[in-house]
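Below is one structure, written out as structure tokens; comments come after it.
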Amino acid sequence: MKHYFTRFEEAIKANWERPALGNFRGEVFTFGELATQIAKFHVFFEAIGLKKGDKVALCAKNSARWGVTFFAANTYEAVLVPILADFHPESVNSLVDHSESLVLLTDTDIWSKLDIAKMPIVKAVVSTADFKLLYAAEEAIQEANDNLETLFAEKYPDGFTAAHVNYPTDNINELALINYTSGTTNAPKGVMLSHMNISGNVDFGVHRIPHKEGDKVLSMLPVAHMFGLMYEFIYQVCVGTHVHFLTKAPTPTTLMRAFSEVHPYMILTVPLVIEKII
């Protein structure tokens with residue numbers, strides 16, 4: 001089985017100038033821009049002392065920048081903790097703390113409702129809206145953020161290119177994600193998923209879901225849930241698809257408009273959405 005980092009790396013190098021992630025009627029990142037932003041996050045993570053296996057929580061609405069931060073943390077070999085954006089602030093505080101996350105990536109409006117005192121080990125909070133630092137537990141973290149462009153230029157003095165993209169693949173049996181259930185019968189439980197689990201799902205998609213160059217997909221499902229995360233996002237990027245994030249609630253009107261403009265080659269959805277459309 002091929003590691004999904006390998007497929008992701010291959011997709012970046014083969015599609016450097018092509019669009020990778022975008023918001024419907026909004027900003028777009030090419031594969032090259034995605035890789036560059038990932039590299040900048042890696043420089044920042046290294047500067048603040050984040051280590052392999054450390055937890056990074058990601059609680060934000062679906063967007064292209066959500067996707068950038070996901071890949072940035074996971075390819076750094078941090079353990080991602082995706083949290084639904086519509087969880088109650090108390091639940092977000094609790095899950096960030098329970099997962100022992102050291103970094104929180106979140107929307108500015110979600111951050112305004114959280115209580116950092118209930119997440120005492122969090123070292124840094126970064127906005128998924130513009131990648132700005134929202135909170136630093138130490139002055140050194142603020143300095144790393146303020147000097148990020150300088151640090152990045154020092155690491156890549158001749159500029160960042162596709163030749164610099166090289167993600168680790170000796171970790172396939174190690175922990176990649178902690179995905180919390182919705183807690184239907186009790187408190188949410190963290191499901192521990194390895195790089196093998198993710199790679200296996202991507203491998204299934206490669207062999208069972210037809211795809212071709214230039215394909216586009218509309219991401220409407222919550223990417224903090226595994227179905228949307230795997231097959232509207234991770235798998236699609238790994239085969240070079242342009243992912244359009246629907247950043248608003250999937251109402252019949254917005255969906256039909258988006259379908260007619262994006263022309264997705266496949267649609268992933270749930271019965272409730274289909275009922276609304278009908």
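The NE2 atom of His225 sits 8.5 Å away from the OG1 atom of Thr181 when rounded to the nearest 0.5 Å. Interatomic distance, OG of Ser63 versus CD of Glu27, reported as 7.5 Å (0.5 Å rounding). Once rounded to the nearest 0.5 Å, the distance linking CG of Leu193 with CG of Asn179 reads 6.5 Å. In this structure, the separation between CD on Gln236 and CE on Met266 is 5.5 Å, given to the nearest 0.5 Å. Distance check, rounded to the nearest 0.5 Å: CG of Leu255 to CD1 of Ile267 gives 8.5 Å. The CD1 atom of Ile12 lies 5.0 Å from the CD1 atom of Ile38; values are rounded to the nearest 0.5 Å.
Side chain to side chain, Ser101 and Ser99 meet the donor-acceptor criterion of an N or O pair below 3.5 Å.
The salt bridge (Lys or Arg N to Asp or Glu O under 4.0 Å) contacts involving residues 96-114 comprise Lys61-Asp107, Lys61-Asp109, where partners must be two or more places apart or lie in separate chains. Evaluation of the ring pair (Phe, Tyr, Trp, His ring centres under 6.0 Å) test over residues 142-173, restricted to residues two or more places apart or in two chains, returns Phe8-Tyr167, Phe152-Tyr156, Tyr156-Phe160, Tyr156-His164, Phe160-His164. For the ring pair (Phe, Tyr, Trp, His ring centres under 6.0 Å) condition, no pair includes a residue of residues 251-278, sequence neighbours left out. For residues 127-150, every residue pair satisfying the salt bridge (Lys or Arg N to Asp or Glu O under 4.0 Å) rule, not counting sequence neighbours, is listed here: Lys40-Glu149. Among residue pairs with one or both ends in residues 67-82, those qualifying as side-chain hydrogen bond (donor to acceptor under 3.5 Å, both in side chains) are Tyr4-Asn74, His42-Thr75, Lys52-Glu77, Glu77-Asn171; sequence neighbours excluded.
Looking only at side-chain heavy atoms (C-beta outward), Ile48 and Val103 come within less than 4.5 Å of each other. When side chains are defined from C-beta on, Val43 does not count as touching Glu46, because their heavy atoms never get closer than 4.5 Å. Side-chain contact between Pro82 and Leu177: present, with at least one pair of heavy atoms (C-beta onward) separated by less than 4.5 Å. A 4.5 Å side-chain heavy-atom check between Val165 and Trp16 finds at least one atom pair inside the cut-off. In this structure, the side chains of Glu261 and His244 stay at 4.5 Å or more apart for every pair of heavy atoms. Between Asn201 and Met226, the closest side-chain pair of non-hydrogen atoms is not below 4.5 Å.
When every heavy atom of Ala64 is checked against every heavy atom of Asn23, the shortest pair comes out as N-OD1, 2.7 Å. Scanning both residues, Phe70 and Leu229, for their nearest heavy atoms gives CE1-CD1, 3.9 Å. Closest non-hydrogen pair, Leu221 versus Gly228, comes out as CB-CA, 4.1 Å. The nearest pair of heavy atoms linking Pro252 to Lys276 is CG-O, 3.5 Å. Listed here is the closest heavy atom pair of Ala258 and Phe24: CA-CZ, 3.6 Å. Nearest approach of Ala144 to Ala47, heavy atoms of both residues: CB-CB, 3.7 Å.
In this structure, Thr128 contributes its side chain and Leu105 its backbone to no donor-acceptor pair below 3.5 Å. Looking only at distances, no side-chain donor or acceptor of Asn173 sits under 3.5 Å from a matching main-chain atom of Met196. In this structure, Asn62 contributes its side chain and Phe245 its backbone to no donor-acceptor pair below 3.5 Å. At least one donor-acceptor pair closer than 3.5 Å links the side chain of Asn197 to the backbone N or O of Ser194.
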Tell me, with the steps shown, if Ile278 and Glu275 meet side chain to side chain contact (heavy atoms under 4.5 Å, CB included).
CA-CA 5 Å; Ile278 293 173; Glu275 288 170 9; 5.8 Å; no
Derivation of the side chain to side chain contact (heavy atoms under 4.5 Å, CB included) call for Phe233 and Val217
CA-CA 9 Å; Phe233 175 57; Val217 72; over 6 Å; no
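A search for side-chain contact (heavy atoms from CB on, under 4.5 Å) contacts involving Asn166 returns Glu9, not counting sequence neighbours. Residues passing the salt bridge (Lys or Arg N to Asp or Glu O under 4.0 Å) test with Asp215, sequence neighbours excluded: Lys212. Residues passing the salt bridge (Lys or Arg N to Asp or Glu O under 4.0 Å) test with Glu213, sequence neighbours excluded: Arg18. With sequence neighbours left out, Glu17 forms a salt bridge (Lys or Arg N to Asp or Glu O under 4.0 Å) with no residue at all. Legend: residues meeting salt bridge (Lys or Arg N to Asp or Glu O under 4.0 Å) with Lys51, ordered by chain and number and at least two apart, are absent.
Of the listed residues (Leu268, Thr254, Thr269, Thr247), just one forms a side chain to side chain contact (heavy atoms under 4.5 Å, CB included) with Met220, and that residue is Thr269. Exactly one of His3, Lys2, Arg7 qualifies for a side-chain hydrogen bond (donor to acceptor under 3.5 Å, both in side chains) with Asp203. That residue is Arg7.
The other residues sharing a hydrophobic cluster with Tyr135 are Val79, Val81, Ile83, Leu84, Phe87, Val92, Leu95, Val96, Leu104, Ile110, Trp111, Leu114, Ile116, Met119, Val122, Val125, Leu134, Leu175, Ile178, Tyr180, Met192, where clustering joins ILVMFWY side chains under 4.5 Å apart. With a 4.5 Å cut-off between side-chain heavy atoms of Ile, Leu, Val, Met, Phe, Trp and Tyr, the cluster of Val28 takes in none.
Residues Ile172 and Phe5 do not share a hydrophobic cluster, clusters being chains of Ile/Leu/Val/Met/Phe/Trp/Tyr side chains in contact below 4.5 Å.
The 12-atom threshold is exceeded at NE2 of His211, counting heavy atoms of other residues, nucleotides or ligands nearer than 6.0 Å.
Relative ring orientation between Phe45 and Phe41 is described as tilted, the plane-to-plane angle lying within the 30° to 60° band.
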